[in-house]
Protein chains: 2
Amino acid sequence: MERRRQARGERRMAEILDAAADAFAELGYEKASTNAIAARAGISPGSLYQFFPGKEAVARALADRFVADMASAHAAAFGEADVAAMDLGELLDRVVDPLVAFNLANPGFKALFARPDMPSALAESSQPIQAAMLGQVEAILGARVPGLAPADRARSARVLVRIFQAMTPLVTAAPDEERPAEIAELKKVLGGYLTSLGG
Amino acid sequence: MERRRQARGERRMAEILDAAADAFAELGYEKASTNAIAARAGISPGSLYQFFPGKEAVARALADRFVADMASAHAAAFGEADVAAMDLGELLDRVVDPLVAFNLANPGFKALFARPDMPSALAESSQPIQAAMLGQVEAILGARVPGLAPADRARSARVLVRIFQAMTPLVTAAPDEERPAEIAELKKVLGGYLTSLGG
DNA sequence: GATTTTTGCGAGCAATCGCTCGCGTTTGAA
DNA sequence: TTCAAACGCGAGCGATTGCTCGCAAAAATC
């Protein structure tokens with residue numbers, strides 16, 4: 001059911017996603033109404049539905065855009081580094097710092113990501129993000145703890161992503177002068193767990 | 001503005017809290033409407049408002065009841081044990097196992113507790129729970145890592161509670177046969193962090 | 001220039017939300 | 001036995017939700 005888009009329309013879609021990120025960041029997912037998103041984008045509710053069939057589709061498209069942005073940030077941070085041989089502290093820096101920066105630069109991100117108890121609609125919308133994060137973490141885990149059985153590796157990846165999800169609000173909500181300390185704690189938690197896995 | 005209650009009324013209030021716990025567990029905090037809570041309690045919406053001025057008050061009362069139940073469970077699990085001298089593994093067992101059991105026995109609990117991004121209304125409602133947990137963890141932390149500055153101790157307590165919040169859904173949602181493995185991971189995370197603190 | 005498709009609007013729909021209010025019944029103290 | 005207070009009901013309030021629909025302007029296609 002693809003539909004022919006004009007350049008103007010593509011621009012509108014990007015504006016809608018920007019507005020949605022704003023609204024999610026400020027109001028949270030549930031309270032960010034489609035009318036509110038449309039108002040922030042400077043368009044009418046009807047126009048929003050020309051581009052997205054509903055709020056969930058907006059969220060999913062926003063999640064896809066976040067994943068794309070994150071993937072390039074991740075690629076830039078790692079380049080061709082050897083994950084297996086890297087010092088644990090350096091590994092954590094390379095993974096955590098860009099992700100924290102990404103969260104600070106995209107306040108709407110955590111509304112789609114940092115929620116242990118997602119409503120089913122939101123869970124489906126944010127699934128691309130979850131899948132992307134889990135994949136990257138599993139790859140790192142496979143390189144650093146080769147002895148780990150696949151089921152255990154999957155479980156440990158879930159744990160690591162969960163920890164990051166949970167602590168992200170703590171980091172982003174902290175005042176600037178305390179943020180480094182919060183980031184240090186996050187790295188302690190992740191590092192402590194990785195160490196106990198043997199990585 | 002206290003109001004004289006009959007025994008019948010007190011019973012109703014307990015029934016309403018039971019129904020609210022049910023509704024929170026099944027629908028989540030936001031989608032658990034006062035009408036839905038009243039229906040589950042077998043009463044009319046109007047009757048609910050005879051006992052609670054609103055949804056937030058119901059949540060707060062439920063939180064208070066959870067805190068009371070938890071406190072007695074905690075007391076039973078610790079008795080007069082020496083927290084400072086205890087083996088780390090035993091400490092984790094004594095803290096984690098009863099809390100996990102409590103979460104399994106009270107499915108509504110996590111709706112008021114396991115949410116990193118609480119709406120302000122909910123944050124206020126669940127504040128008693130947060131405060132109680134933080135207090136207990138800070139006490140343990142003070143006994144085991146006496147060298148920790150007060151600000152660092154407070155921060156570490158927040159981190160530990162956060163980790164527990166985040167991983168609780170992973171543990172409770174797991175099928176019975178995988179739950180022990182998830183609990184083990186939770187203990188690894190907490191233990192790894194405590195170790196890196198020097199405790 | 002004619003036609004089709006895309007873009008745009010905004011009043012307003014049905015459903016749901018938290019909550020109120022009028023009125024009847026039950027209860028317990030006097 | 002009396003009577004004020006507590007309990008209970010449920011229709012329905014005003015507001016908000018996600019979303020629709022008829023219709024007009026703009027752009028792409030012919």
Side-chain angles (χ1 to χ4, degrees), chain A residues 1-20 22-24 26-62 111-112 118-125, chain B residues 1-20 22-24 26-62 111-112 118-125:
Chain A
M1 291 300 178
E2 281 290 296
R3 132 176 231 180
R4 185 104 212 293
R5 292 274 170 227
Q6 306 180 351
R8 184 171 43 136
E10 304 272 2
R11 242 178 290 132
R12 273 275 187 254
M13 290 179 74
E15 288 169 12
I16 291 171
L17 293 187
D18 292 341
D22 257 28
F24 289 153
E26 190 171 326
L27 309 169
Y29 179 79
E30 345 260 356
K31 309 213 74 174
S33 69
T34 53
N35 288 4
I37 294 172
R40 272 159 203 255
I43 63 175
S44 77
S47 293
L48 187 149
Y49 284 89
Q50 295 268 339
F51 302 101
F52 299 99
K55 179 174 164 177
E56 199 181 326
V58 175
R60 199 165 15 240
L62 183 60
L112 290 178
M118 303 230 184
S120 54
L122 177 54
E124 208 171 317
S125 299
Chain B
M1 293 297 180
E2 282 288 296
R3 144 175 220 176
R4 173 119 172 91
R5 294 271 170 227
Q6 305 180 350
R8 181 172 46 136
E10 304 271 2
R11 242 177 291 133
R12 275 274 187 254
M13 291 180 74
E15 288 169 10
I16 291 171
L17 293 187
D18 292 341
D22 256 28
F24 288 154
E26 189 171 328
L27 308 170
Y29 179 79
E30 345 260 358
K31 309 214 73 172
S33 70
T34 53
N35 288 4
I37 295 172
R40 273 159 203 256
I43 64 174
S44 77
S47 293
L48 186 148
Y49 284 88
Q50 295 267 339
F51 302 101
F52 300 98
K55 179 173 165 178
E56 199 181 326
V58 175
R60 201 167 13 244
L62 182 59
L112 289 177
M118 303 231 181
S120 53
L122 177 51
E124 208 172 318
S125 299

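Every value quoted in this text rests on a predicted model; they were computed, and no experiment measured them. A note on names: the letters A, B, ... follow the listed sequences, proteins ahead of strands, and every chain is numbered from 1.
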Mark yes when over 12 heavy atoms from residues, nucleotides or ligands other than B/Glu56 sit less than 6.0 Å from its CD; otherwise mark no.
yes

Is the side chain of A/Lys55 donor-acceptor paired with the backbone N or O of A/Tyr29 at a distance under 3.5 Å, no angle test?
yes

Just N and O in the side chain of A/Ser44: are any of them under 4.0 Å from OP1 or OP2 of C/dG8?
no

Any heavy-atom pair between the side chains of A/Tyr49 and A/Thr34 that's under 4.5 Å?
yes

Are OP1 or OP2 of C/dC9 and a side-chain N or O of A/Ser47 less than 4.0 angstrom apart?
yes

B/Phe52 CZ to C/dC19 P: how many Å, rounded?
13 Å

Closest to the side chain of B/Gln50, out of D/dA26, D/dC7, C/dT20, is D/dC7

With side chains defined as the heavy atoms from C-beta onward, is the minimum distance between A/Gln50 and A/Arg12 less than 4.5 Å?
no

Tell me whether the side-chain N/O atoms of A/Arg8 come closer than 4.0 Å to OP1 or OP2 in D/dA28.
no

For A/Ile43, answer base if it contacts any base atom (sugar-phosphate contacts may also be present), sugar-phosphate if it contacts only those atoms, and nothing otherwise; contact means non-hydrogen atoms under 4.0 Å.
sugar-phosphate

Find the distance A/Tyr49:OH to C/dT7:P and express it as a whole number of Å.
17 Å

Check whether any side-chain nitrogen or oxygen of B/Arg5 sits under 4.0 Å from OP1 or OP2 of D/dC7, and answer yes or no.
yes

Minimum-distance nucleotide to B/Arg12 side chain [options: C/dG8, C/dC19, D/dG8]:
D/dG8

Which residue lies toward the 5' end of DNA chain C, B/Pro45 or B/Ala7, if each is placed at its nearest nucleotide?
B/Pro45

Most 5' of A/Lys55 and B/Glu10 on DNA chain D, judged by nearest nucleotide
B/Glu10

I'd like to know if B/Asn35 reaches the base of C/dC19 with its side chain such that a donor and an acceptor end up less than 3.5 angstrom apart.
yes

Taking for each residue the nucleotide of DNA chain C with the nearest heavy atom, is it B/Ala36 or B/Gln6 whose nucleotide lies nearer the 5' end?
B/Ala36

